Amino acid sequence: MKKDKSPLIGILDSGIGGVSVLKEIIKRNGGGNFIYLADNAMMPYGNKTKEEIQQRVTSLIDMLKNKYKVDKVIVACNTASSLLETDDNDIIKMQFNKEDTYIGTHLTKKQIGDNVIELKSLARIIENNINNKDKLDRIIKRYIDTLRLRELDSLLLGCTHYELVNDIFKKHMPNTNIINNSERMGLELLDYRDNSLNLSVILTKQSKSYQSLIFRLIKEEVDERIF
Ligand code: DGL
């Protein structure tokens with residue numbers, strides 16, 4: 001049975017990618033109480049070192065827990081998840097399986113191994129062009145052609161930024177089973193039901209337009225009741 005009292009959930013990504021995970025939680029649980037934290041000052045994570053991201057993500061998780069008092073932290077970032085070691089049951093992060101093939105960032109490939117195909121710079125390109133789907137369509141098609149991704153039967157989107165445009169991957173790869181990695185991260189552990197929605201967006205570098213962009217991306221697939 002689902003619990004009535006919803007937890008305060010912190011969602012962490014380098015940028016807009018985690019919106020795909022937030023939408024998935026809202027779809028499953030009806031709504032909830034959320035703090036969305038975008039580390040836009042440090043974005044992209046994918047071209048940083050393991051040590052830099054480890055330190056950064058650990059301190060952001062501490063901030064979410066100690067300052068904002070969240071009950072759960074969702075690491076809605078594959079790059080951060082690939083290097084974060086934790087046995088804290090209140091942290092839910094992305095999972096990787098040796099048998100599956102993923103596309104992801106440089107650092108994710110470095111951490112996880114040969115079953116990750118690196119899409120160099122694509123997270124940043126998506127971040128900068130999310131309002132220009134035609135341009136993203138052309139660029140993503142080029143990655144698919146160059147890396148011969150159509151030859152794959154099944155492919156996991158191992159970067160939440162890619163999940164935001166999974167319709168483009170699906171359009172150009174109709175014979176490949178495209179799966180969002182967030183589907184496998186254990187969101188079912190968020191065992192509550194709440195039809196109202198409470199959302200704050202926090203940035204590490206202040207920008208009104210970036211904040212509105214995040215709200216707009218969330219709003220696109222969530223009904224009007226919440227804003
Ligand atoms: N959205 C991210 C991921 O899932 C991070 C992309 C980046 O900052 O390079 O990997």
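Predicted model, so just to flag it, every value in this text is computed and none were measured. Order of listing sets the numbers, starting from 1, for every ligand and every atom in it. Basis for what follows: all heavy atoms, side chains included, without hydrogens, waters or symmetry-related copies.
- Close N/O approach between C77 and ligand 1 is not found [any backbone or side-chain N/O within under 3.5 Å].
- Remark: ligand 1 and T108 share no N or O pair separated by less than 3.5 Å (distance only, no angle test).
- Each of V70, N198, I26 was scored for a side-chain contact (heavy atoms from CB on, under 4.5 Å) with F34, with one residue passing: I26.
- Ion pairing of R124 with E127 is absent here, as no side-chain N (NZ or NE/NH1/NH2) approaches a carboxylate O to less than 4.0 Å.
- Of all protein heavy atoms, the one lying nearest to atom 7 (C) of ligand 1 is Y45 N, 3.3 Å.
- Remark: the backbone N or O of S182 is paired with a side-chain donor or acceptor of E163 at under 3.5 angstrom.
- Salt bridge K67/D62: absent, no basic N to carboxylate O contact under 4.0 Å.
- Residue, atom and distance of the protein heavy atom nearest to atom 10 (O) of ligand 1 are T79 OG1, 2.6 Å.
- In T105, the part holding a heavy atom less than 4.0 Å from any atom of ligand 1 is the side chain.
- The number of heavy-atom neighbours closer than 6.0 Å to NZ of K110, taken from other residues, nucleotides and ligands shown, is 12 or below.
- G46 N, 2.8 Å is the protein heavy atom nearest to atom 9 (O) of ligand 1.
- Taking distance alone, with nitrogen or oxygen atoms compared against 3.5 Å, H161 approaches ligand 1 more closely than that limit.
- Residue contacts with ligand 1 for N47 are absent, since no atom lies close enough (heavy atoms, distance under 4.0 Å).
- Counting the atoms of ligand 1 from 1 in the order shown, those under 4.0 Å from a heavy atom of S14 are 5 (C), 6 (C), 7 (C), 8 (O).
- Distance OH/Y192 to CG/N33: 7.5 Å, rounded to 0.5 Å.
- Nearest protein heavy-atom neighbour of atom 6 (C) of ligand 1: A123 CB, 3.6 Å.
- At a threshold of 4.0 Å, the pair D137-K133 does not count as salt-bridged, since none of the basic side-chain nitrogens sits closer than that to a carboxylate oxygen.
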